[in-house]
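These numbers were taken from a predicted model, which means no experiment stands behind them. Only this structure's heavy atoms are used, side chains among them; waters, hydrogens and symmetry mates stay out.
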Amino acid sequence: MKLLTLTCQQCGAPLEVPAKVKQLTCQFCGTRLQVQRTGSAAYTEVLDDVAESVARVAETTEQLRIEQEISRLDREWQLGRERFMVRGKDGQLSVPGKTSVMVGGVIAVVFGIFWMLFAGGIAAVMGSGIHSVGGGPLSLLPGLFPCFGLLFIGVAIFGTISAYRKADDFERNQQQYHAERSRLLAELGETSESE
């Protein structure tokens with residue numbers, strides 16, 4: 001049987017062990033050793049140091065995994081949040097807010113009602129003038145103007161409901177993103193503290 005001549009990494013004592021041995025205990029100081037091989041050279045390493053190194057590598061690997069998960073989550077949120085954003089008059093994207101959506105919707109509906117009343121009043125005045133002249137196809141025209149107000153109200157209600165849902169989806173997704181990010185940061189803090 002071929003023997004290796006090694007030195008105990010802890011106490012420096014000479015050791016002779018079979019060539020295929022991977023772990024041993026120093027007969028002089030009792031330290032557990034692992035036999036390391038690099039090419040044709042062999043040496044001992046304190047097994048507890050090896051275990052600590054493996055644990056540090058495992059912790060570092062876990063930290064890297066969590067950091068990558070946070071980066072992935074941030075990228076997905078940045079890309080995903082754009083689908084919730086609304087474009088303003090100046091072309092700028094902004095986050096929809098439930099309050100501003102409702103205020104805008106109320107203003108649009110009030111404007112539609114105002115339009116209907118105003119156009120209805122004008123139509124009544126124009127209609128009486130047209131009827132006195134003789135009517136015909138022009139007598140229908142004044143009655144159409146109030147309908148634009150009704151159409152405006154319908155579009156405003158539909159737009160408000162749609163924008164409100166978008167704002168609600170945005171808030172829900174933002175809460176999920178922040179909760180998941182907080183959880184990952186807490187995990188990262190736990191792995192950092194354990195070092």
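Scanning for side chain to side chain donor-acceptor pair (under 3.5 Å) contacts around Arg37 gives an empty result, with sequence neighbours left out. Scanning for side chain to side chain contact (heavy atoms under 4.5 Å, CB included) contacts around Ile157 gives Val109, Ile153, Ile161, with sequence neighbours left out. Listed by chain and number, the residues in a side chain to side chain donor-acceptor pair (under 3.5 Å) with Glu69 are Arg72 (sequence neighbours excluded). With sequence neighbours excluded, the residues forming a side chain to side chain contact (heavy atoms under 4.5 Å, CB included) with Leu150 are Met116, listed by chain and number. With sequence neighbours excluded, no residue forms a salt bridge (Lys or Arg N to Asp or Glu O under 4.0 Å) with Glu67. Annotation: ring pair (Phe, Tyr, Trp, His ring centres under 6.0 Å) contacts of Trp115 (sequence neighbours excluded): none. Shown here are the salt bridge (Lys or Arg N to Asp or Glu O under 4.0 Å) partners of Asp169, two or more places apart in sequence or in another chain: Arg172. Contacts of Phe111 classified as ring pair (Phe, Tyr, Trp, His ring centres under 6.0 Å), with partners at least two apart in sequence or in another chain: Phe152. Residues meeting the side chain to side chain donor-acceptor pair (under 3.5 Å) test with Arg183, sequence neighbours left out: Glu180, Glu187.
Note that the CD atom of Gln174 and the NE2 atom of His178 stand 4.0 Å from one another [nearest 0.5 Å]. To the nearest 0.5 angstrom, Leu188 atom CG is 10.0 Å from Arg181 atom CZ.
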Show me the donor-acceptor pairs within less than 3.5 Å that the side chains of residues 12-29 make with the rest of the protein, sequence neighbours left out.
none

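Two residues are said to be in side-chain contact when any heavy atoms from C-beta on lie closer than 4.5 Å; Arg165 and Asp168 fail this criterion. Side-chain contact between Val46 and Arg32 is absent, with no heavy-atom pair separated by less than 4.5 Å. Side chains of Leu33 and Glu45 form no contact here, defined as non-hydrogen atoms less than 4.5 Å apart. Annotation: side chain of Thr38 is in contact with side chain of Tyr43 (closest heavy-atom distance under 4.5 Å).
Among pairs with a residue in residues 150-164, none fulfils side-chain hydrogen bond (donor to acceptor under 3.5 Å, both in side chains), at least two apart in sequence or across chains. Applying the salt bridge (charged side-chain N to carboxylate O under 4.0 Å, His left out) test to every pair with at least one member in residues 99-123, sequence neighbours left out, gives no pairs at all.
Both Tyr177 and Leu185 belong to a single network of hydrophobic side chains, linked directly or stepwise wherever heavy atoms of I, L, V, M, F, W or Y lie under 4.5 Å apart.
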